[in-house]
Amino acid sequence: MKVCKFGGTSMATAQSILNVKSIIESDSERKYVIVSAPGKRFSSDIKITDMLYSAYQEKFETGSCANNIALIRTRFVELAKELGLDIDMNKYVDEVEAGILKSTSPDYAASRGEYLSAVIMSAVLGFDMLDAGDVIKFKHDGTFDSELTNDLVKKHALNAKNGLVIPGFYGRMPDKTIKTFSRGGSDFTGAIIARGVGAKVYENWTDVNGFLVTDPRLVDKPKNIEVLSYEELRELSYMGAGVLHPDSIFPVQIDKIPINIRNTFEPNHKGTMIMASTKGYDIPKVTGIAGRKGNTTISMKKAMMNAEIGFCRKVLSVLERNGLSIEHVPTGIDTMSIVLSDAGLKGVDENKLIDDIRGAVNPDHIEITHSLALIAVVGHGMANSRGVAATLFNALYKAGVNVRMIDQGSSELNIIVGVEEKDYNASIKSIYNAFFGC
Ligand code: ASP
């Protein structure tokens with residue numbers, strides 16, 4: 001059977017929910033339905049999950065969450081009415097309000113969008129509803145308990161007689177409180193259920209026709225990616241391709257269940273298939289091009305660095321003590337650079353960090369540079385094929401871009417280049433044209 005997850009835009013309006021219904025009813029194998037909270041209906045609209053976080057904030061600041069609850073109530077009551085459902089959404093929203101007033105973390109509030117979405121979807125489909133809190137479990141330390149969860153999914157979902165609707169995004173701690181995954185985490189819930197019930201495919205229904213080769217805001221109508229491996233997906237998502245939560249592959253890769261990204265608003269489009277391996281498919285040299293701005297480099301020079309055993313370890317220990325995760329470590333004979341994300345550096349005293357590194361390894365020179373953009377050119381097709389690097393660097397040369405950093409993993413799955421942020425858009429366009437232009 002198939003597990004289908006529907007994202008926020010698929011759950012946003014009565015019409016989109018009816019699209020979901022016809023997708024489910026067109027294929028009897030679509031038995032498990034995971035839903036997100038209703039998302040935006042138009043660009044200035046507010047996602048239900050954001051309203052719920054605001055409701056928690058409102059209660060924190062004023063002792064009441066009435067303003068945000070009123071907005072949330074209107075959305076759900078209207079949805080149920082437009083769909084002609086005989087459910088008292090007011091009663092459900094009252095419960096949510098009372099729960100938020102009692103809760104001590106924002107997670108309960110945040111999870112209720114998915115919960116109420118599932119109440120509506122199960123009524124529309126005539127499927128039973130299984131509360132994610134009954135099957136998705138976290139350990140005492142707050143990490144996801146994958147094995148207990150897998151056993152519970154098997155026990156409660158596998159032999160369900162009817163179809164099941166399950167809210168995404170959250171589970172329960174051992175003390176029964178609600179805990180959510182990171183934002184976009186309903187994708188992860190879908191993958192967990194797909195593993196637990198042994199689905200033949202995990203369909204992830206969203207509002208685009210799958211992954212595109214690159215960012216459509218930078219390149220006009222980039223090509224679609226038809227097939228992608230789990231590894232390529234990780235690389236592209238990590239570097240900014242935002243269609244699917246990057247952790248979603250972990251549950252499904254255990255049993256090699258393919259993920260099919262589909263479009264609720266264009267259900268006949270095949271979308272993108274994400275699989276353990278793309279061997280045997282006609283794949284291009286480059287599968288995708290992704291990137292992100294907002295990186296900082298710390299560069300050091302020291303004569304005879306190459307002979308100084310422990311140099312890198314000492315530098316990395318300083319970063320570890322400061323709780324910093326590293327993106328890349330390009331090195332030369334007497335030079336070492338560390339690339340860090342600006343997001344990770346937030347709140348860190350950079351002068352103190354540099355002083356700490358000086359104290360640890362006494363470099364001859366050390367400097368910190370901001371505004372680096374990283375671009376990843378990803379694809380299994382580049383292994384053993386000639387000319388990929390040449391095409392890439394020629395494209396950057398043609399665009400008049402100075403390359404600040406180069407990194408290629410030994411798996412030949414990607415080449416990462418660092419360019420100045422001001423050159424980012426031109427670089428992506430030129431690289432895309434070089435590999436995919438006519
Ligand atoms: N509703 C949650 C969010 O906005 C989770 C999800 O949609 O996957 O992040």
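The basis for the numbers below is simple: all heavy atoms, side chains too, and nothing from hydrogens, waters or symmetry mates. Indexing begins at 1, ligand by ligand and atom by atom, following the structure's order.
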*Using a heavy-atom cut-off of under 4.0 Å, does the side chain or the backbone of Lys47 touch ligand 1, or both, or neither?*
side chain

*Identity and separation of the nearest protein heavy atom to atom 7 (O) of ligand 1*: Ser36 OG, 3.0 Å

*Determine, considering heavy atoms only, which of Met11, His245, Glu114 sits nearest to atom 2 (C) of ligand 1.*
Glu114

*Close approach, Gly185 and ligand 1, non-hydrogen under 4.0 angstrom*: yes

_Positive for side-chain contact (heavy atoms from CB on, under 4.5 Å) with Leu340, one of Ile298, Leu372, Asn295_ = Ile298

*Which residue supplies the protein heavy atom nearest to atom 4 (O) of ligand 1, what is that atom called, and how far is it?*
Arg183 NH2, 2.9 Å

_Tell me whether Asp141 is salt-bridged to Lys139, with the criterion being a basic N under 4.0 Å from an acidic carboxylate O._
no

*Does any N or O atom in Asp187 lie less than 3.5 angstrom from one in ligand 1, N or O only?*
no

*Which atoms of ligand 1 have any heavy atom of Ser186 under 4.0 Å away?*
5 (C), 6 (C), 7 (O), 8 (O)

_Pair Asp86 + Lys81: basic N to acidic O under 4.0 Å_ = no

*Based purely on interatomic distance, does Gly184 place a nitrogen or oxygen under 3.5 Å from a nitrogen or oxygen of ligand 1?*
yes

*For ligand 1, is there an N or O atom under 3.5 Å from any N or O atom of Lys5?*
no

*Would you call the rings of Phe181 and Phe138 parallel, tilted or perpendicular if under 30° counts as parallel and over 60° as perpendicular?*
tilted

*asked:* With a 4.5 Å cut-off on side-chain heavy atoms, are Arg75 and Asp45 touching?
replied: yes

_Looking at Phe250, I'd like to know if the NZ or CZ of Arg195 sits under 6.0 Å from its six-membered ring centre while staying within 45 degrees of the ring's axis._
no

*Thinking salt bridges, do Arg30 and Glu203 make one under a 4.0 Å N-O criterion?*
yes

